[in-house]
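Here is the naming used below: chain letters follow the sequence lines, and residue numbers restart at 1 for every chain.
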Number of protein chains: 2
Amino acid sequence: MAQEQPVSTRGPLNASAILRFAWDSPAFTASDAMSATHLTRSTVIALCDLLVAEGWLRELENARAAGEYSKGRPARRYVLRADAGVVVGLDAGQHHLTAIVSDLSGRELARVQSSANPDSDIARERLAAADGSVNGALQKAGVTSDRVLCIVVGVPAPTDADGHSPEGQNSFWRIMNPGYAEHFSKRGWPTVVENDANLAAIAEGCRGRAAGASSFVTLLSGERFGAGYVVDGRLVRGAQGGAGEMRLLSLVEGVGSPDGIGALARDWLHKAIAQNVVPPSSALAGLPEHEQDARTVFRAADAGDSFALSIIDRIAERLARICAVLAGLLDVERIVVAGAVATSIGPLLERTARRLTELTHPPAPELTASTLSDNVVSIGAVAHALEYARDHALTMTVAPPTSA
Amino acid sequence: MAQEQPVSTRGPLNASAILRFAWDSPAFTASDAMSATHLTRSTVIALCDLLVAEGWLRELENARAAGEYSKGRPARRYVLRADAGVVVGLDAGQHHLTAIVSDLSGRELARVQSSANPDSDIARERLAAADGSVNGALQKAGVTSDRVLCIVVGVPAPTDADGHSPEGQNSFWRIMNPGYAEHFSKRGWPTVVENDANLAAIAEGCRGRAAGASSFVTLLSGERFGAGYVVDGRLVRGAQGGAGEMRLLSLVEGVGSPDGIGALARDWLHKAIAQNVVPPSSALAGLPEHEQDARTVFRAADAGDSFALSIIDRIAERLARICAVLAGLLDVERIVVAGAVATSIGPLLERTARRLTELTHPPAPELTASTLSDNVVSIGAVAHALEYARDHALTMTVAPPTSA
DNA sequence: ACATTAGATTTAGATACTAAATGTAATGGC
DNA sequence: GCCATTACATTTAGTATCTAAATCTAATGT
C-alpha cells in the first residue's frame, strides 16, 4: 500500500475546477459556476477570463439574449470550446480497427473502420494499420494532427501503467500490443493504451447501460470473454492490468472454457450439424458452413426454433455461472454484456437472468445487453480520452481562440 | 462513475503534508521535511511550529546533540507526539472480541480479549460486550475516553460506507453488526465499521506478509473463507461492501462450499472417524471428539502421519482452486492466508503452491501464511484507525502539549 | 582567528483567493 | 418617464499561504 509523497501544488488550482464543471455543462453563467465550485464571483470571473484567453472557454452572448428569462442584469455566459482540440479513440482489435475522432463535447467528427490481418505478428504492419486508421479519421474530420490532445488505444491484452503488455499467452498479447504507447507518443500525443474490456466498461459507465451504477462489470463477449470491472466507482486493473482476464473461468463448474458467446453459438451449432443431431424441422438443419454463426442461431431462436433455443439455453447456463461468480466475488450491482453479439441476445439474457436469480443470493445483479454494439471499445476509448484531456487540460496547449 | 464536485480547499493545506510525513518518520529535521514535501524552509518551520502548538509534534533536542554528526549549525528536530492521542481497534467476531489500544506510533498500549456468546442475537448484549472490551483496554492502557481519536470495528459481515451491514444471510450479518457505528459515535468517537477480511488485508498490507505489494488478496480462514482484496493499492469494497464474500465459491469445481480451512479439517476428520476409515496406524485414529480439530490434523501431518497428509492434500486442492480463481480474476501478485489456523499451515501451503502453479498460467501468485495469527483483524483495525487518524488529523483536537 | 558548513531567521514579495462596497443593465409598477 | 427592484458585474482592499533571497547563527577544522 504505497503512499506517494504529498507535494505542494501551485498555480490557479481552481481553474481546473471551473474547467471540470464546464466540461459537463452545456453553457453556464458565472453564478452556475459559483454554486458548483463554491468560489466567489470575483474568482470565477477571473478564472473564466483566464480560460477564455487560453482558448478553453468561449464567452457567449448574455443569458437573457439566450432566452433564459430573468429580471436583473443579464448574466455572462460561457461554454467549453468544443473545437479547442480533438481526441482520438482507437479500437485496435485482432480482426478490426476502428478509429474515432471526437471533439471535446463528445461529438463524433469522423469514424474509420478497417480490417486487420488477424494472423500478422509483424509489429510494423499493425502499427502501420493503426496509423492508417487514425490518419484517415483525422483527415475525414478535417483536423490536423497538432490539434490532437490525446489518444487512447484499446487492445485485446492486459496493459500496465506504461501501456505495455506482459509476455504470455504465446506472445499473443505482445503481438496485439506492439508498442502503441511509444509509437503515438513519438507524434507528440499523450497516449494511453488500455485493455479493450476495460474501455468497454468505461463506455458503459458513461454512455451505456451502467450509467449511474458505481459498481458493475462489463463482459465483452465475442470469440472470448473478457471483463472490465468498475468497483466503488473506479476501474480495477490489477497488478499487470490483467484483472478481468477470464482464463481461469475454466475452473468454474459448467463453464469449462473462456470461449465467448459468439464462439460457443457457432461451435455448438457446427458440431451439431456435423454430428447430424439437428432435427430436420429446425431452420438450422443443413445450413451451409459459412452461415453457421452466432447471429443465425439467435435469429432462429427469436423465431421460436426449438433447437436454436436449446443452444441458447446451454449458453445461458454457462453465462449465468460466469455472472454469478463475478458478481459474488466483486459485489457489483449490474452486469452489462457487450460486444458485437450484444445487439441480438435479448432472449439469451432473459434466460440467463432467470438462472442467475437461482444461483445467487438476493439481490441478484441486474443483467443488461449493451446498446453500443461493436463500437463499445472505440466509444470507451473516446470517453477515456475525454476524461484524460479534462484531467490534464491545464498542461495542454489548445488551438487559439477563433475570436478575431 | 459519479464525479463529485471539486470544492475550493483552504487553510494551511500543507500542514497535513508535514503531518503525513511525520507520521511515518521516527524523528526528522526541517531539512528532511523540506525534501519530503518540496516546501521551503520558511514554510516547513512555520508549519512545524503550528503543529507543535497544536500538540501534534514535539520538538526534540537538536540533531547534533542526538548524535547525528554534522558540521554546520545543528538542525532542529521534531517527532510526532505518539501520546497525542490513542486509537482503538476492535475485532468484534462471532466468538471472540479483541480490543487493542494503540498510540500514534503504532505501539500497542493494551489488549483485551474476551469471548462472546456466539449465538446471541440480542443487539444490546453484543454492544455491551464490545463496550466492556474497549473500556477494559482503555483502562489497562491508562487513558481516558476523551483521548480516543477514532475507533475501527471489524465485523464478520459486509459493511457499507456508513458502517451498516445489509440484511441477508438469515440476518446473521445484522446480528454481527448491531449498529456499532452509531453506538461508538455516541461517545463522540469517529467510528469506522469494516469487514473483518478487509481489515486483515490492511494488516497484511502494512505490517504483514503483503508489505510492498500493490495488489494482493488476504484469505481469512477459520470456520469460513472471507477475502479482502487490495488491487492497485486500494481496498476493493464492492457496492454493499460485499466484495470478498465467498458464498459463490460453491460454483467452482472441486470447491463446493465456502467452508474455511479450520472447518474442513475438522469435518473431514470427524467424518472419517465416524465412518471408521482412519487406518489404525494413524495418530488420528480413535481421537476423542473434543480433540478432533484442525490443529490436531496439522500437527499430525507435521509428524508425517499419512492419513493426516491425505486430508491436507484434499484441503490443498480446494485452496489452490480458490486461489487460482481469485488470482486469475483479479490479477494479484500475492495471496496471504490469515486467521488463527495460519500459524500451523506450512505444509498445506507448500502443497497448495505446487498445485497452484499447475492450475494457473505463469507467473503464479505467491502464496504465504500470515504471521499475525488470530490478531490479524484487530491489528488491521488499529492500522486502519491510524490511517484514519492521520488523514483526518487536522479536524481532530489533541491532548495539549505536555511541555510546561 | 578565520574560512567553511549547514542550517535558522527575517524581510519582502507573489499568488490565489475572499469580502464588501459600488456600479450597471434589465424589469415592472406607478 | 421615473423609480424601486432584481441580479448580476466591477472594483477595491485585504487575507492566507507560500516562495525567494538576504542575513544571521552555531558549530567544525585548520
d(NE2, H38(A); C1', dA16(C)) in whole Å: 18 Å

Integer-rounded Å distance: dT17(D) P and L39(B) CG: 13 Å

Set of residues satisfying side-chain hydrogen bond (donor to acceptor under 3.5 Å, both in side chains) with respect to D49(A), sequence neighbours excluded: R76(A)

Separation of atom CG in D49(B) from atom C1' in dT17(D), rounded to whole Å: 15 Å

Below 4.0 Å: OP1/OP2 of dT19(D) and any side-chain N or O of T43(B): yes

Phosphate OP1/OP2 of dT22(C): any R41(A) side-chain N/O under 4.0 Å: no

Check nucleotides 19-21 of chain C against the protein and report each pair of N or O atoms closer than 3.5 Å, with its distance, or say if there are none.
from: dA19(C); atom 1: N6; to: S42(A); atom 2: OG; distance (Å): 3.3

Spacing between I45(B) atom CD1 and dC18(D) atom P, to the nearest angstrom: 14 Å

Euclidean distance, atom OH of residue Y78(B) to atom C1' of dG7(C) [Å, nearest integer]: 12 Å

Whether W23(B) and W56(B) hold their rings parallel, tilted or perpendicular, with breakpoints at 30° and 60°: tilted

Residue list, side chain to side chain contact (heavy atoms under 4.5 Å, CB included) with E182(B), at least two apart or on another chain: H164(B)

With sequence neighbours excluded, residues passing side chain to side chain contact (heavy atoms under 4.5 Å, CB included) with T159(B): V155(B), S165(B), N177(B), V193(B), E194(B), R237(B)

Residue list, side chain to side chain contact (heavy atoms under 4.5 Å, CB included) with T43(A), at least two apart or on another chain: L39(A), T40(A), L47(A)

Sugar-phosphate only, base, or nothing, as touched by A30(A) at under 4.0 Å among non-hydrogen atoms: sugar-phosphate

Interatomic distance where CD1 belongs to I18(B) and C1' belongs to dT17(D) [whole Å]: 13 Å

Short side-chain N/O contact to dC18(D) OP1/OP2 from N14(B), under 4.0 Å: yes

Residues which pass side chain to side chain contact (heavy atoms under 4.5 Å, CB included) with E333(B), listed by chain and number, not counting sequence neighbours: A239(A), A213(B), S214(B), S215(B)

